[in-house]
Amino acid sequence: MTTRNERLFAAARDVMPGGVSSPVRAFKTVGGTPLTLRRGKGARVWDADNREFVDFVCGWGAQIIGHADPRVVRRIQRRVARGTVFGAPCIEETQLARRIRAALPGVDRVRFVSTGTEATMSALRLARAVTGRDYIVKCSGNYHGHSDALLSSAGSGALTLGVPDSPGVPPLWAAMTFTTPTNDLASMAKLFEQHSERIAALIVEPVVGNAGLIPPDDGWLQGLSAITKQHGALLVLDEVMTGFRVAWGGAQRRFGVQPDLTCLAKVIGGGMPVGAYCGRAELMDQVAPAGPVYQAGTLSGAPVGMAAGIVTLDVLEDPCTYEQLERTGAAMQAILEAAAKAAGVPIRVQRVGSMQTVFFADPAKPLRCLEEIQTTQTRLFPVFHRALLENGVSWPPSNYEAAFFTLAHGPAELEVLDRAARAAFEAVARA
Ligand SMILES: *Cc1c(COP(=O)(O)O)cnc(C)c1O
């Protein structure tokens with residue numbers, strides 16, 4: 001007997017590549033049929049067969065208050081009723097930009113876009129323009145969206161020239177991106193010494209969330225700031241995931257580092273498509289029409305997304321919110337570790353605030369870069385994922401992703417997680 005979920009996904013596959021609008025949703029690495037979700041409320045979501053799940057995907061981090069929070073819904077509804085897109089300035093743009101500026105030291109100006117991909121792509125164009133240099137440096141396993149120049153992670157080895165991760169990206173294009181491991185300042189310094197005059201910018205996820213979670217070593221981000229300064233390159237922090245998630249203002253506030261440019265998306269849109277890049281006036285005023293660096297967007301700064309962002313940041317500005325997220329995160333980590341221990345499965349949980357990844361690896365040994373994460377037992381992950389799902393928990397369908405939660409996740413949700421995690425680690429122990 002097929003479920004409604006299965007029938008819907010078959011229909012989706014018939015009309016969309018792989019049945020999805022973004023690849024990881026298709027459950028390719030874990031197998032099985034993705035949930036077609038019909039509804040969300042607070043910490044919970046319901047699929048097409050009306051099965052209820054506690055959600056730890058949370059719009060891949062975009063949801064931080066909870067699904068369909070009444071404050072956000074009301075604000076969006078009020079704004080929708082007055083028109084959705086004009087292609088002219090709206091009051092909400094200035095209001096959201098002011099909130100972002102107030103939270104991020106060193107930001108004078110904000111340019112809104114619609115996605116994280118656009119934010120990083122545009123920030124790098126600006127960096128290339130103001131430095132007059134062409135090359136970019138990134139860290140392996142850091143994801144900065146799907147634009148051509150950034151779709152290169154390169155293989156192992158300390159200092160590799162970029163090779164494209166996808167057909168369709170010209171090798172010459174990817175070759176302008178150098179890649180080096182996360183948390184390896186010596187390799188980074190060496191790369192900059194070799195190519196000093198050519199490097200426009202270093203772009204980095206301050207807490208890596210797209211290789212599984214990797215926290216920054218003490219001094220890593222400050223070291224990157226010093227190296228870029230020394231060589232006249234810009235430090236671009238990709239805070240698309242961490243911005244307003246790991247702290248008010250993001251990882252730069254939490255870890256005390258001052259970037260030249262910051263990229264934001266996800267949380268700042270309150271569940272609507274909003275991205276931004278921002279920085280000092282002297283840099284940002286090079287962006288058109290204030291300056292010559294062209295970048296534009298029909299739906300950029302459209303009022304509904306701005307309104308959702310404003311109400312979201314207003315909720316988050318109360319310092320209690322991040323304390324609550326920290327407490328929930330710690331409780332969740334303890335639950336996962338206890339459940340794994342009871343089943344005799346060694347796991348290492350890496351967590352920063354409300355982002356975390358469960359690795360099947362030595363609990364005591366920090367995983368500091370993609371190359372180390374690739375040595376973990378990712379083959380066990382599909383078993384873990386399936387058992388969680390069968391026990392009412394929706395978890396990101398890849399071991400190279402972070403799991404998220406919201407302010408709506410409380411004791412009842414953690415109880416569901418506890419039961420599901422015990423079953424899941426027992427399944428892993430049998431595998
Ligand atoms: C999600 C993400 C992006 C891409 O954002 P989109 O809105 O999906 O284009 C870029 N960088 C990081 C760190 C992300 O987590």
Side-chain angles (χ1 to χ4, degrees), residues 20-26 56-64 111-125 127 136-153 165-166 169 177 179 182 201-216 221 224 235-247 249-252 254-255 257 259 261-278 295 297 299-302 305 308-309 312 350 352-357 369-370 396-398 400-404:
V20 290
S21 301
S22 192
V24 73
R25 298 177 197 171
F56 292 98
V57 180
C58 299
W60 296 98
Q63 293 287 9
I64 194 166
R111 165 56 60 90
F112 288 111
V113 291
S114 300
T115 64
T117 296
E118 279 180 275
T120 57
M121 187 178 87
S122 311
L124 293 184
R125 179 179 302 152
I136 300 295
V137 178
K138 74 182 284 285
C139 294
S140 40
N142 283 211
Y143 179 66
H144 305 293
H146 66 85
S147 70
D148 283 351
L150 290 168
L151 259 193
S152 99
S153 166
D165 278 350
S166 165
V169 176
T177 304
T179 304
T182 300
L202 161 61
I203 184 165
V204 69
E205 284 187 72
V207 176
V208 184
N210 287 290
L213 190 133
I214 308 171
L221 296 170
L224 297 182
L235 177 62
V236 180
L237 275 199
D238 181 353
E239 296 233 45
V240 167
M241 189 182 280
T242 54
F244 296 97
R245 175 157 287 276
V246 299
Q252 54 195 276
R254 183 165 176 140
F255 297 102
V257 62
L261 294 171
T262 298
C263 302
L264 297 166
K266 298 194 171 114
V267 169
I268 64 158
M272 300 293 290
V274 175
Y277 59 109
C278 49
Q295 186 273 310
L299 291 168
S300 298
T312 300
Q350 300 205 142
V352 175
S354 55
M355 309 166 45
Q356 60 195 314
T357 302
C369 59
L370 173 69
S398 160
Y400 293 100
E401 301 286 354
F404 302 93

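Counting starts at 1 for both ligands and their atoms, in listed order. Just so it is clear, the model here is predicted, and its values are computed rather than measured.
In this structure, Arg254 contributes its side chain and Val246 its backbone to a donor-acceptor pair below 3.5 Å. Asp238 places no side-chain N or O within 3.5 Å of a backbone atom of Glu205 that could act as its donor or acceptor partner. Between the side chain of Arg245 and the main chain of Gly250, no donor-acceptor pair closer than 3.5 Å is present. Side-chain N or O atoms of Glu239 include one that pairs as donor or acceptor with a backbone N or O of Gln252 at under 3.5 Å. Side chain of Glu118 to main chain of Ser114: a donor-acceptor pair is present (N/O by atom type, distance under 3.5 Å, no hydrogens or angles). Within the 3.5 Å criterion, the main-chain N or O of Gly212 finds no donor-acceptor partner in the side chain of Thr357.
Nearest-residue assignment for atom 5 (O) of ligand 1 (options Ala62, Ala402, Gly116; heavy-atom criterion): Gly116. The closest heavy-atom contact to atom 14 (C) of ligand 1, among the options Lys266, Met241, His144, Glu239, comes from Lys266.
Any N or O atom pair closer than 3.5 Å counts here, and Thr117 shares at least one such pair with ligand 1. In terms of polar-atom proximity, defined here as any N/O pair under 3.5 Å, Gly145 makes no such contact with ligand 1. On a distance-only criterion, Glu205 and ligand 1 share no N/O pair closer than 3.5 Å.
Of the protein's heavy atoms, Val240 CG1, 3.6 Å lies nearest to atom 3 (C) of ligand 1.
Ligand 1 lies nowhere less than 4.0 angstrom from a heavy atom belonging to Glu118. Remark: distances from the non-hydrogen atoms of Asp238 to ligand 1 include one below 4.0 Å.
Considering only residues two or more places apart in sequence or on other chains, Ser122 meets the side-chain hydrogen bond (donor to acceptor under 3.5 Å, both in side chains) condition with none of them.
Ser398 and Glu401 are not linked by any side-chain donor-acceptor pair at a separation below 3.5 angstrom, with hydrogens and angles left out of the test.
Neither the backbone nor the side chain of Thr242 comes within contact range of ligand 1; no heavy atom lies under 4.0 Å.
Within a 4.0 Å radius of atom 8 (O) of ligand 1, the protein has no heavy atom.
Every atom of ligand 1 with a heavy atom of Thr115 under 4.0 Å away is listed here by number and element: 7 (O), 9 (O).
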